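Numbered from 1 within each chain, the chains take letters A, B, ... in sequence-line order. Side-chain atoms are counted along with the backbone in the values below, which use heavy atoms only and exclude waters and symmetry mates. Since the structure is predicted, the reported quantities are computational estimates derived from the model, not experimental observations.
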Amino acid sequence: MKTVDAKGQNCPIPVILAKKEIDAGETDFVVEVDNKTACENLQRLAKSQGYLAAVEADGAIFRIAFSKGDAAPQAAAVQPARRWSVFVGKETVGCGDNELGISLLKMFFYTLSQSDDLPESILFMNGGVKVPTGQEQVIEHLRVLENKGVQILVCGTCLNFYGLTEQLQVGMVSNMYDILTKIQQADKVVSL
Amino acid sequence: MSGYCVVTFPSTHAAMQAEKHLKGALPVQMMPTPRCISASCGIALRFDPSSLPEAQKALAAFPEPFALYQLAGESPTLLLCKK
């Protein structure tokens, strides 16, 4: 089986290498990486492309075996009727008074966490990454939403920029490729 | 005790001030004022009924007007009102 060596490569390189194999029509291949974030991103790529991903961890090395099984029809069956995403690019709802904006954000996620119509994903970028790293009340609501199947994607570049990578309390470290894909796949994207 | 407790305020500023005031004393969450209490949009604070003694103590020292309710289902019971 073809093996792609992506060890020592940081995101999004392993995802790009795997996507190349998928685009080339490979139905069975293995990607080797040496960090957990890359491993998680590859698993998500597999799911979004209708591939099965079997992960083998050997010390710090992760081997992700991609296979085009009958995952595609399954993935199609669980598609929600309407897909929407929430984009959070700052710590507040709207602009104006900062403190009011933070209060509105708390109440937005409080209300969303109790709603039946849930987004497929919530995307945090730029100042928005300060929410899943430091907004105590919102973090609680995001955990509830995550348990209900909502994907919480947090821009890794932004976490790194603000020095907040270690403070992430909820959600997955993600990248521009995954975040843009969510926006493209959604029927609507709501920016706060 | 079932349900939850809610404190409402006549102004947004008072609600935000109260959140800071209560935060140290008990776990509170900010929520939109429940529809059964008010049809208008407003900020309310929610906490668990088990924190009622701490909340009452902290609210006694809060200078602004407020109303404290307990909600079970959709029917609010007014516990305390300061004008």
Problem - Any A:R44 side-chain heavy atom under 4.5 Å of A:S174 side chain - result: yes
Handout entry: chain B contact via A:E140 - side chain, backbone, both or neither, heavy atoms under 4.5 Å
Key = side chain
Exercise for the section: Go through the atoms of A:S103 and report whether side chain, backbone, both or neither lie under 4.5 Å from a heavy atom of chain B. Expected result: both
Handout entry: Side chains of B:D48 and B:S50, donor plus acceptor under 3.5 Å
Key = yes
Exercise for the section: Sort A:I102 into side chain, backbone, both or neither according to what part of it lies under 4.5 angstrom from a heavy atom of chain B. Expected result: neither
Practice task
Classify the angle between the aromatic ring planes of B:F9 and B:F62 as parallel (below 30°), tilted (30 to 60°) or perpendicular (above 60°).
Solution key: perpendicular
Handout entry: Evaluation steps, salt bridge (Lys or Arg N to Asp or Glu O under 4.0 Å), between B:K83 and B:E64
Key = CA-CA 8 Å; B:K83 292 200 173 142; B:E64 303 288 327; over 6 Å; no
